[in-house]
Amino acid sequence: MARVISKLGIGSRTQAAEWVRLKRVRVNGVLVSDPEFPVRHGVDRVSVDGVEQAGAVERLVIMLNKPRGLVSTVHDEQGRDTVYSCLSGSGLPWLAPAGRLDKASEGLLLFSNDPAWNAAVTDPERGPPKTYHVQINRLPDAALLQGLVQGVTADDEYLSAAAARLLRQGGKNAWLEIELHEGRNRQIRRLLSAFDTEVLRLIRVGIGALQLGDLPNGQWRRLSDAEVQALAARR
């Protein structure tokens, strides 16, 4: 039941399960209260709050320039501000993040109402690479850049970058461009920490061919059909 409702693009699976438990959902006119109640997608009639959901809604994908200080969740147990504050009042339907950025990170974050598309984009083996601009608290040398690509084991987990290069440097710090083909939890921060290097700022600037560009901080825009299809293409 909850899985079918999420496929309709009107809410997450967790939200759908809660609606069922609150007795807001009917199947073929009959009230149900079990989130695991069997439903035949495309056959059974499902209604939420009396509104029948005829089928999956049109796929919608947006990109957000995530500000620093927001968490990438629908609801936060600690009461912290979430990325959904940037979408408040937009009139958008329910959308789920395709991947995450931690609270201290910023930049390109995708949302869609299509779980299958989100899964394709975030697939660690076949999804598009992610590009980051990272300010660090030191001047890098060739050994650091090479070490980031070669990788290290940290907390019993192997971490590495697909590519790393120097963008620019000043007197005491520098900006690197780092590319990842997977998205482990706080991967870049943990990887650089293994080389005694602190991240001062971390911005995701690209996912595949899609670039953050000049989208203002905290603002979003809808992706074109061509951009959506390109992101889901297997590498």
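At a threshold of 4.5 Å between side-chain heavy atoms, the hydrophobic network of Ile, Leu, Val, Met, Phe, Trp and Tyr places I188 and F195 in one connected group. Using a 4.5 Å cut-off between side-chain heavy atoms of Ile, Leu, Val, Met, Phe, Trp and Tyr, with links allowed through other members, L92 and L70 fall into the same hydrophobic cluster.
Checked against side chain to side chain donor-acceptor pair (under 3.5 Å), T197 has the following partners two or more places apart in sequence or in another chain: R138. Taking the salt bridge (Lys or Arg N to Asp or Glu O under 4.0 Å) definition, one finds that E198 meets it with nothing, sequence neighbours left out. In this structure N118 satisfies the side chain to side chain donor-acceptor pair (under 3.5 Å) test together with S112, sequence neighbours excluded. Here S224 pairs with A226, E227 under the side chain to side chain contact (heavy atoms under 4.5 Å, CB included) rule; sequence neighbours left out. Taking R100 as the reference, nothing meets the side chain to side chain donor-acceptor pair (under 3.5 Å) condition, with sequence neighbours excluded. With sequence neighbours left out, the ring pair (Phe, Tyr, Trp, His ring centres under 6.0 Å) criterion links F111 to Y84. Legend: residues meeting salt bridge (Lys or Arg N to Asp or Glu O under 4.0 Å) with D81, ordered by chain and number and at least two apart, are absent. Considering only residues two or more places apart in sequence or on other chains, T82 meets the side chain to side chain donor-acceptor pair (under 3.5 Å) condition with none of them.
Judged as a side-chain hydrogen bond (donor to acceptor under 3.5 Å, both in side chains), not a single pair has a partner in residues 208-219 (not counting sequence neighbours). Listed by first and then second residue, the salt bridge (charged side-chain N to carboxylate O under 4.0 Å, His left out) pairs that reach into residues 166-181 are R165-E177, sequence neighbours excluded.
Checked for salt-bridge contact, D34 and R21 miss the test: no charged N lies under 4.0 Å from a carboxylate O.
No option in R68, R189, R186 other than R189 meets the side chain to side chain donor-acceptor pair (under 3.5 Å) test with S105.
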Could you pull out all donor-acceptor pairs under 3.5 Å where a side-chain atom in residues 199-209 meets a protein atom, sequence neighbours excluded?
residue	atom	partner	partner atom	Å
R201	NE	E106	OE2	2.9
R201	NH2	E106	OE1	3.2
R204	NE	L108	O	2.8
R204	NH1	Y132	OH	3.2
R204	NH2	L108	O	3.1

Enumerate, atom names and distances included, each donor-acceptor pair closer than 3.5 Å involving a side-chain atom of residues 152-163, sequence neighbours excluded.
residue	atom	partner	partner atom	Å
E157	OE1	R190	NH1	3.2
E157	OE1	R190	NH2	2.7
E157	OE2	R184	NH1	2.7
Y158	OH	Q150	O	2.3

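The closest donor-acceptor contact from the side chain of K66 to the backbone of D102 lies under 3.5 Å.
Here the straight-line distance linking atom NE2 of H181 with atom CD of E125 works out to 12.5 Å at 0.5 Å rounding. The NZ atom of K130 sits 8.5 Å away from the CG atom of L110 when rounded to the nearest 0.5 Å.
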Mind running side chain to side chain contact (heavy atoms under 4.5 Å, CB included) on I178 and L180 for me, showing each step along the way? CA-CA 7 Å; I178 296 178; L180 299 180; 4.2 Å; yes
Hey, mind stepping through L148 and L192 against side chain to side chain contact (heavy atoms under 4.5 Å, CB included) and telling me if it holds? CA-CA 7 Å; L148 295 176; L192 283 163; 3.7 Å; yes
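Residues W220 and S90 meet the side-chain proximity criterion, which asks for heavy atoms closer than 4.5 Å. Inter-residue side-chain proximity for V25 and L31 is flagged as unmet; no heavy-atom pair is nearer than 4.5 Å. Within the 4.5 Å cutoff, side-chain heavy atoms of M63 are placed close to those of L210. No side-chain heavy atom of W175 sits less than 4.5 Å from a side-chain heavy atom of V134. In this structure the side chain of R26 never reaches within 4.5 angstrom of the side chain of V32, judged on heavy atoms. Taking the side chain as every heavy atom from C-beta outward, R59 and N113 approach each other to under 4.5 Å.
Annotation for V71 and R80: closest pair CG1-CZ, 3.6 Å, computed over non-hydrogen atoms. Among all heavy-atom pairs drawn from L176 and P140, the shortest one is CD2-CG, 3.8 Å. Nearest heavy-atom pair across G99 and L109 is O-CD1, 3.7 Å. The shortest non-hydrogen separation linking N65 to L215 is ND2-O, 2.8 Å. The nearest pair of heavy atoms linking W117 to V228 is NE1-O, 3.1 Å. Of all non-hydrogen atoms in V121 and L231, the two that sit nearest each other are CG2-O, 3.9 Å.
By the 6.0 Å contact criterion, CG on D141 is enclosed, its count of non-hydrogen atoms from other residues, nucleotides or ligands being greater than 12.
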